[in-house]
Every structure is written in C-alpha cells, then in structure tokens.
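See structure below.
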Amino acid sequence: WARTAYYQQSGAYGFRDQLQDSLVFLSIDPEKTKEQIRLHAKHQFTDGTVLHWWHPISETGLETTMTDDLLWLPFLVMQYMDETNDYDILDIAEEYYNSKEKDILYNHCKSSIDKVFTRFSERGLPLIGAGDWNDGLSAVGLEMKGESIWLAHFLCYILDRFSKIAEKRDEAFAVVCNEKAKELRGAINKYAWDGKWFFRATKDNGVKIGSAENDEGKIFLNAQTWSVIANTTDENRKKQVLDAVKQNLLKDFG
C-alpha cells in the first residue's frame with residue numbers, strides 16, 4: 001500500500017520491502033500477510049534467487065545479486081507461523097517466476113537458504129554481492145568477494161528457526177541447517193570481531209567497513225543488534241557490542 005520509494009513510485013513491489021511491510025497486518029489480519037508471502041513466492045526463480053523488485057501487470061523486474069532479499073521469504077513464513085500456528089502454509093503450492101510448475105512454500109523457503117549456502121567466502125562468511133539490508137552498500141561486493149557480517153547474523157537466526165521446521169519433514173536438511181549455523185557462528189566470532197564490536201562488511205578487496213580501522217563509519221548498528229537477536233556470540237561480547245552502540249551511536253539527536 002505504500003510503494004512510493006525510488007523505483008516504487010510507479011507501483012513496483014520490493015521483494016524485501018513489501019514482505020516487511022506486510023508484518024504490520026500480522027496481528028490484525030494475518031490473511032493479508034499470507035497473501036503477500038504467496039505473491040512473493042511467485043517472484044522467486046527455481047534456483048532460489050528472487051527479483052529485487054517487480055512491476056505488477058507487466059511482471060517485469062530487476063534481477064540482482066542482492067544477497068538478503070531471498071531470505072526474507074523464510075523469515076516471513078516463520079513469523080507468520082509464530083503468530084497464527086498455521087503450519088499448513090508450508091504445503092501451499094506456488095509457481096516460480098521462471099517456471100509454471102508449482103512447488104510447496106516449504107521448498108521455496110528451502111531453495112532460498114540453499115542458494116545462500118553457495119554464496120560464501122573462503123572464510124565461511126556470506127557474501128554481500130550487490131548489497132544486503134543496507135542498500136547503500138550496493139557497490140562494495142559486485143565481484144562476489146566481499147562479505148556481509150550482518151547477513152551472517154541474520155542467516156544464523158533463520159537457520160536456527162528453520163531447522164526446527166525441517167525436523168518435522170526433512171531431517172537431513174535440519175542437520176545441514178544446524179551444522180551450517182554452528183560453522184557460521186565460529187566464523188563470525190573468529191573473523192568478524194573487531195576488538196569491541198563486529199565490523200559490518202568487507203569490500204571485494206578485503207578492506208573492512210564499520211571497523212575501528214576506518215577513518216569514518218567505524219561502527220554500524222545492525223551488525224551489533226543482530227548479534228544479540230540471533231544469539232551468535234557469547235554474553236560478554238553481547239554486552240560489549242551494546243556498550244559500543246551506546247557510546248558511539250546514541251546521540252541527543254537520534
């Protein structure tokens with residue numbers, strides 16, 4: 001209902017944006033959130049990637065290497081199930097953007113996660129590609145070498161939750177999710193810790209963003225908050241990152 005930003009001024013749906021927006025309905029009219037989930041599943045490719053945005057009627061959209069968009073589908077499905085206890089949503093079948101053959105939403109979600117598994121650096125951290133939740137980081141990883149630390153936290157959150165769903169229907173994938181989450185936590189704490197907080201990302205050339213080493217932009221908020229939300233680090237580091245947020249980012253003006 002509020003598709004008014006940049007490319008969306010002419011009514012385009014953002015894959016990430018409108019899924020997030022639909023959460024506002026979840027406690028009021030969850031059927032609307034469910035409709036949004038189904039609509040977005042139809043704009044996913046069979047390889048798990050999704051359109052970053054698309055125009056209704058013409059059904060044309062932007063293919064991209066944005067690396068977080070596709071994960072908002074399982075995120076929304078899990079939030080929906082938490083609120084409604086409607087696990088039958090997993091068995092609703094929707095076609096893919098590039099195939100008229102329908103597949104159940106469980107497999108749509110699984111294919112998103114599987115795709116992210118193919119986009120890891122040698123250090124075991126997810127790649128940032130053409131950007132993650134921070135659209136401003138749209139040119140730092142175009143060679144698919146730069147890493148996203150926020151995305152690492154976010155993926156851990158999803159793997160922990162999705163593994164519980166998979167245990168009831170796909171035990172082998174549940175094991176994969178748990179193993180990947182364990183490996184990812186290890187990589188986060190080994191490579192992404194900056195001394196007092198987590199740096200935000202690396203560029204294709206390995207230069208850090210959101211690090212104490214930087215002259216500007218030394219700390220980014222969501223690489224810290226999501227380490228707590230996703231429980232990706234120990235209690236001592238959680239306290240350190242929130243202290244760093246309080247010290248560096250909380251100001252009288254915001």
Using side-chain contact (heavy atoms from CB on, under 4.5 Å) as the criterion, list what pairs up with Lys102, not counting sequence neighbours.
Ala93, Glu95

Within a reach of under 6.0 Å around NZ of Lys238, are more than 12 heavy atoms found that belong to other residues, nucleotides or ligands?
yes

Are Asp160 and Lys180 ion-paired here, with the side-chain N under 4.0 Å from a carboxylate O?
no

Taking salt bridge (charged side-chain N to carboxylate O under 4.0 Å, His left out) as the definition, give me every residue that meets it alongside Lys164, ordered by chain and number, with sequence neighbours left out.
none

Backbone of Ser227 reached by a side-chain donor or acceptor of Thr233 within 3.5 Å
no

Taking ring pair (Phe, Tyr, Trp, His ring centres under 6.0 Å) as the definition, give me every residue that meets it alongside Tyr157, ordered by chain and number, with sequence neighbours left out.
Phe75, Trp226

Between Glu59 and His43, is any side-chain donor less than 3.5 angstrom from a side-chain acceptor?
yes

In terms of side-chain geometry, is the basic nitrogen of Arg237 or Asp243 positioned less than 4.0 Å from the acidic oxygen of its partner?
no

Test applied, ring pair (Phe, Tyr, Trp, His ring centres under 6.0 Å); reference residue, His40; option that passes from Trp54, Tyr80, Trp53, Trp72:
Trp54

As a quick check of understanding, evaluate ring-ring contact (aromatic ring centres under 6.0 Å, His included) for Tyr13 and His55, giving each step before the final call.
CA-CA 6 Å; Tyr13 282 93; His55 289 282; 9.6 Å; no

Please identify each residue that fulfils salt bridge (charged side-chain N to carboxylate O under 4.0 Å, His left out) with Glu83, with sequence neighbours left out.
none

Filter on ring-ring contact (aromatic ring centres under 6.0 Å, His included), then keep only pairs touching residues 161-189, sequence neighbours left out; what's left?
Tyr106-Phe162

Asp204 side chain to Leu142 main-chain N or O, any donor-acceptor pair under 3.5 Å?
yes

Quick one: do Ile104 and Leu90 satisfy side chain to side chain contact (heavy atoms under 4.5 Å, CB included)? Show the steps, please.
CA-CA 6 Å; Ile104 59 173; Leu90 295 170; over 6 Å; no

Kindly determine whether Lys115 and Phe45 satisfy side chain to side chain contact (heavy atoms under 4.5 Å, CB included), including the steps that lead there.
CA-CA 11 Å; Lys115 184 62 180 182; Phe45 294 86; over 6 Å; no

Who passes side-chain hydrogen bond (donor to acceptor under 3.5 Å, both in side chains) against Thr118, sequence neighbours left out?
none

Return yes when atom CD of Glu167 has more than 12 non-hydrogen atoms of other residues, nucleotides or ligands closer than 6.0 Å, and no otherwise.
yes

Asp170 and Lys110: which non-hydrogen atoms are nearest, and at how many Å?
OD2-NZ, 2.9 Å

Keeping Gln240 on the side-chain end and Trp197 on the backbone end, is there a donor-acceptor pair under 3.5 Å?
no

Between Lys34 and Asp86, does any side-chain N to carboxylate O distance fall below 4.0 Å?
yes

Stepwise side chain to side chain contact (heavy atoms under 4.5 Å, CB included) test for Asn189 and Phe198:
CA-CA 9 Å; Asn189 285 283; Phe198 291 102; 4.0 Å; yes

Is the NZ atom of Lys196 crowded by more than 12 outside heavy atoms at less than 6.0 Å?
no

Under 4.0 Å between a Lys/Arg side-chain N and an Asp/Glu carboxylate O for Asp132 and Arg200?
yes

